[in-house]
Number of protein chains: 4
Amino acid sequence: MTDEPQRGGRPRDTRVDAAILAATRTLLAEVGYGALTMDLVAGRANVGKAAIYRRYAGKQDLVFAAAVHGRTLDPPPDSGDLRTDLRWLVGGIARSLSSPETRAALPALLADVTADDDVADRFMRTFVAEERAYVETILDQARRRGDLRTPVDAEVVHSLVLGAIFARIYLLRKPADKAYQHEVTDLAAKALTEGAR
Amino acid sequence: MTDEPQRGGRPRDTRVDAAILAATRTLLAEVGYGALTMDLVAGRANVGKAAIYRRYAGKQDLVFAAAVHGRTLDPPPDSGDLRTDLRWLVGGIARSLSSPETRAALPALLADVTADDDVADRFMRTFVAEERAYVETILDQARRRGDLRTPVDAEVVHSLVLGAIFARIYLLRKPADKAYQHEVTDLAAKALTEGAR
Amino acid sequence: MTDEPQRGGRPRDTRVDAAILAATRTLLAEVGYGALTMDLVAGRANVGKAAIYRRYAGKQDLVFAAAVHGRTLDPPPDSGDLRTDLRWLVGGIARSLSSPETRAALPALLADVTADDDVADRFMRTFVAEERAYVETILDQARRRGDLRTPVDAEVVHSLVLGAIFARIYLLRKPADKAYQHEVTDLAAKALTEGAR
Amino acid sequence: MTDEPQRGGRPRDTRVDAAILAATRTLLAEVGYGALTMDLVAGRANVGKAAIYRRYAGKQDLVFAAAVHGRTLDPPPDSGDLRTDLRWLVGGIARSLSSPETRAALPALLADVTADDDVADRFMRTFVAEERAYVETILDQARRRGDLRTPVDAEVVHSLVLGAIFARIYLLRKPADKAYQHEVTDLAAKALTEGAR
DNA sequence: CATTAACCGAGACGGTACGTCCCGTCTTATC
DNA sequence: GATAAGACGGGACGTACCGTCTCGGTTAATG
């Protein structure tokens with residue numbers, strides 16, 4: 001986001017903020033990312049284009065804010081059981097990646113963002129960091145309980161779980177439903193606990 | 001592809017076919033998907049734009065053909081050992097997703113695919129089906145050897161392995177190097193064989 | 001025209017010649033010069049484009065041949081009376097410039113042709129030369145009869161008469177009907193005979 | 001012209017208006033109508049193509065505005081002498097049709113006009129109407145002086161004079177120089193005054 | 001009678017201009 | 001100084017024609 005607020009003069013109109021985001025979400029659902037035009041958003045929100053560019057650096061930034069940002073997981077529970085913790089993680093990621101807005105925006109966002117390494121790193125950090133911390137928490141707890149085979153990298157576990165959900169939805173184009181979540185949780189638990197103790 | 005062959009008249013020039021694909025691949029690696037222009041491809045291939053549009057419906061179609069189509073894995077080996085088979089699978093997918101052309105093209109392609117169900121089907125057939133068959137072969141062989149815990153779905157295994165590599169490269173933006181491949185192979189083997197026998 | 005015939009081999013098919021010209025004339029009337037495409041002519045005539053280009057150097061050449069060429073005046077009569085001779089000249093030019101095909105083709109042809117001085121001179125000569133000779137004949141006869149004021153240039157007279165008809169039809173966009181022809185003839189006769197004898 | 005003005009927002013930049021017309025006039029003289037490209041005009045004027053298409057419906061519209069519109073004759077003098085008035089008329093028309101821009105644009109424009117009746121009306125109003133009024137003025141003055149043979153139609157006189165100059169330049173492709181202007185003036189004066197008084 | 005050279009329809013070829021669309025910035029008048 | 005409106009420079013898109021070339025096949029005159 002651009003969003004360094006102004007110093008003097010008339011303050012930003014919060015109704016404009018809301019209208020922009022609402023129009024973006026509506027249009028994402030109606031026409032998809034590709035046909036979502038800045039002019040279109042401005043028109044739908046009854047807002048000038050400048051008002052959008054004053055808030056967001058561009059289309060990617062806008063869509064990221066409207067469709068992806070803030071969809072955060074609840075904090076991890078520490079159920080005392082690795083499998084339960086994993087089920088919670090898998091469910092959270094699945095829910096986050098399954099929302100209609102995310103489904104409409106994420107692939108194109110990923111594409112736009114991949115084109116520029118700087119932007120990409122920033123976006124990915126935002127997208128990934130919180131989840132990563134939760135994975136580490138879960139693994140630490142399990143390690144403390146002695147439920148884990150010794151050397152296991154949180155980054156690898158994260159890529160496995162996140163990748164499994166992402167691939168299911170965006171590569172294989174099937175729903176990441178409860179049954180699938182269960183299978184993934186099960187396999188992950190087996191992999192992490194095999195040979196432990 | 002467009003590609004309905006003509007009935008009479010001058011046949012398509014295969015040298016033009018080749019020049020277009022070669023130029024596309026070169027330019028994907030040189031400038032990336034975003035800066036890849038139809039005029040640029042035409043110029044590099046010494047070809048008229050019409051010659052491209054005669055063959056491909058647009059940029060997506062062209063890039064799909066140039067970057068994804070025909071990039072097939074070697075046939076699966078049946079080493080007699082599940083872990084070795086998995087290592088081969090993981091390595092093949094990693095190699096396929098790591099090529100500069102694929103790295104340049106895949107995210108944008110994925111975005112296009114998500115936006116259009118027709119394209120999606122074609123994409124799935126090409127990108128996913130062959131790999132899936134290999135996964136099934138590997139699992140069947142392991143099952144026949146009795147190395148497998150009973151109920152395991154090839155589709156789930158595929159999404160796990162493919163997702164792990166994809167997430168590593170395109171979401172976490174790190175190389176899917178040998179060390180990573182080994183970790184994924186190891187975890188997958190553990191998950192699949194846990195409790196077997 | 002291109003039209004240097006071949007030395008050996010199969011001779012040109014006269015049915016093709018006719019079909020090309022017929023299609024051109026039909027299409028000139030149907031869609032006008034601007035929308036008349038070589039492909040369109042070829043398609044309508046059931047003929048390959050090469051067959052057209054074997055006969056004509058290009059669109060202008062084709063249209064010139066189809067719509068303008070050969071529309072020649074009858075030979076001048078020498079009625080013994082300048083006014084009568086002028087009426088014949090005016091009528092002939094008016095008839096020639098009024099035909100539907102000429103009306104459809106001439107302005108655009110003039111435009112295309114004006115773009116290239118060499119082509120322009122060639123076309124104009126063809127278009128103009130015969131008429132010019134007739135004007136000279138008429139003036140000579142009048143001069144011999146003593147009906148003419150002394151110094152009068154055939155080129156100027158020609159430009160006056162031709163221009164009057166052309167301007168009437170193509171600049172003012174009104175029919176060069178009998179009444180108009182009569183007025184022009186009358187004025188021309190007055191101008192040429194004023195002060196004679 | 002397109003030219004329906006906007007209601008709010010940034011107004012059209014008159015410097016852009018001027019730059020577009022200037023570039024068009026320059027390029028008409030430099031390269032002619034055929035080689036005059038919209039991109040070329042945009043580039044020369046340092047203007048986006050959209051800025052041109054916002055003002056003009058296409059190449060014809062642009063060229064019409066640049067080359068023909070507003071090129072008006074000076075007001076007619078009333079010298080008290082028909083021949084002098086005619087010389088002025090002939091000279092004015094000749095000057096107007098001889099300018100490099102008009103020479104480059106008029107034939108193509110005429111072609112476009114002939115192809116589209118709507119355009120034709122606009123063309124006629126601009127190109128023809130003012131001149132016609134002048135012809136009528138001149139004839140009226142002469143008539144009041146009694147210098148004119150009785151029934152003479154301004155439209156016919158206009159077509160004669162205009163046609164003579166047009167034919168000289170665009171059909172015979174010779175300069176409408178002083179000598180030619182004198183001959184035309186002379187013949188016209190003779191035709192109009194023959195038998196008068 | 002066989003050869004041969006130019007013909008034939010069909011349509012792909014390189015090239016070029018078209019007019020449309022979108023991006024992200026800038027410029028008005030208004031609040 | 002923020003706002004709605006919308007013009008601005010820039011640049012890619014996909015379409016349409018031009019005039020040439022290439023394919024398989026045909027047809028008359030030559031040898």
Side-chain angles (χ1 to χ4, degrees), chain A residues 6-13 15-16 34-40 42-43 45-59, chain B residues 5-13 15-16 34-40 42-43 45-59, chain C residues 5-13 15-16 34-40 42-43 45-59, chain D residues 5-13 15-17 34-40 42-43 45-59:
Chain A
Q6 76 281 13
R7 296 196 294 237
R10 175 179 179 179
R12 297 239 180 101
D13 187 339
R15 299 196 320 278
V16 171
L36 181 137
T37 295
M38 298 308 266
D39 289 88
L40 197 57
N46 274 313
V47 142
K49 271 204 291 179
I52 304 179
Y53 281 103
R54 212 171 284 121
R55 290 166 170 79
Y56 305 99
K59 184 174 170 179
Chain B
Q6 79 281 12
R7 295 199 292 240
R10 179 179 179 174
R12 298 265 172 87
D13 188 337
R15 298 195 319 277
V16 171
L36 182 136
T37 294
M38 298 308 266
D39 288 271
L40 196 57
N46 274 312
V47 143
K49 265 204 291 181
I52 303 180
Y53 282 104
R54 213 172 282 124
R55 291 168 168 77
Y56 306 100
K59 187 174 168 176
Chain C
Q6 77 282 12
R7 295 197 294 240
R10 176 180 179 177
R12 299 253 174 91
D13 187 337
R15 299 196 318 279
V16 170
L36 182 137
T37 297
M38 298 308 266
D39 289 86
L40 197 57
N46 274 313
V47 142
K49 269 203 291 178
I52 303 179
Y53 281 102
R54 214 172 282 124
R55 290 167 170 77
Y56 305 99
K59 185 174 170 178
Chain D
Q6 78 280 12
R7 295 199 291 241
R10 178 179 180 175
R12 298 262 173 88
D13 188 338
R15 300 196 317 277
V16 170
D17 295 28
L36 182 136
T37 294
M38 298 308 266
D39 288 271
L40 197 57
N46 273 314
V47 143
K49 265 203 293 180
I52 303 179
Y53 282 104
R54 212 172 282 125
R55 289 168 170 77
Y56 306 100
K59 185 174 170 175

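Computed from a predicted model, the values in this text were never measured in an experiment. Lettering of chains follows the sequences in order, A, B, ..., and the numbering in each one begins at 1. Heavy atoms only: backbone and side chains are in, while hydrogens, waters and symmetry mates are out.
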Checklist entry - Where each residue is assigned the nucleotide of DNA chain F containing its nearest heavy atom, which of D:N46 and B:G58 is assigned the position nearer the 5′ end? => result D:N46

Item to check | Separation of atom CG in C:D39 from atom P in F:dT15, rounded to whole Å | outcome: 16 Å

Checklist entry - Thinking salt bridges, do A:D39 and A:K49 make one under a 4.0 Å N-O criterion? => result yes

Checklist outcome for this item: Closest non-hydrogen contact found for A:D13 with A:R55 is O-NH2, 3.4 Å

Checklist entry - Once you round it to whole Å, what is the distance between P of E:dT27 and OH of A:Y53? => result 17 Å

Checklist entry - Reckon B:K59 touches a base, only the sugar-phosphate, or nothing at all at heavy-atom distances under 4.0 Å? => result sugar-phosphate

Checklist entry - Of A:V47 and B:L36, whose nearest nucleotide on DNA chain F comes first from the 5' end? => result A:V47

Next on the checklist: Closest approach to the side chain of C:A50, judged atom by atom: which nucleotide of E:dC8, E:dT25, F:dC21 is it?
Outcome noted: F:dC21

Checklist entry - F:dC8 phosphate, OP1 or OP2: any side-chain N/O from D:R55 under 4.0 angstrom? => result yes

Item to check | Where D:V16 and D:A51 come nearest, the two heavy atoms and their spacing | outcome: CG1-CB, 4.2 Å

Next on the checklist: Which heavy atom of B:G48 sits nearest to which heavy atom of B:A42, and what is that distance?
Outcome noted: C-CB, 4.2 Å

Checklist entry - E:dC8, F:dT3, E:dT28: which one has an atom nearest the side-chain heavy atoms of D:P11? => result E:dT28

Checklist outcome for this item: Walking DNA chain E from its 5' end, the first of D:R15 and B:G48 to be reached, judged by nearest nucleotide, is B:G48

Next on the checklist: On the nucleotide F:dC8, are OP1 or OP2 found under 4.0 Å from the side-chain N or O atoms that D:R54 carries?
Outcome noted: yes

Item to check | Spacing of C:I52 atom CD1 relative to F:dC17 atom C1', expressed in whole Å | outcome: 13 Å

Checklist outcome for this item: Checking F:dT3, F:dC17, E:dC8 against the side chain of C:D13 (C-beta onward), the nearest is E:dC8

Item to check | Closest nucleotide among E:dC7, F:dG9, E:dC13 to the B:V16 side chain | outcome: E:dC13

Checklist entry - Any donor-acceptor pair under 3.5 Å joining the side chain of B:K49 to the base of F:dG14? => result yes

Next on the checklist: Tell me the interatomic distance from D:M38, atom CE, to F:dG10, atom P, rounded to whole angstroms.
Outcome noted: 16 Å

Checklist outcome for this item: Ranking F:dT22, F:dC13, F:dC18 by distance to the side chain of B:R10, first place goes to F:dT22

Checklist entry - Any donor and acceptor pair, going by atom type alone, linking the side chain of C:K59 with main-chain N or O of C:L36 inside 3.5 Å? => result yes

Checklist outcome for this item: A:A51 has its side chain closest, among E:dA17, F:dA28, F:dT3, to F:dT3

Checklist entry - So which one's nearest nucleotide on DNA chain E is more toward 5', A:T37 or D:A35? => result D:A35

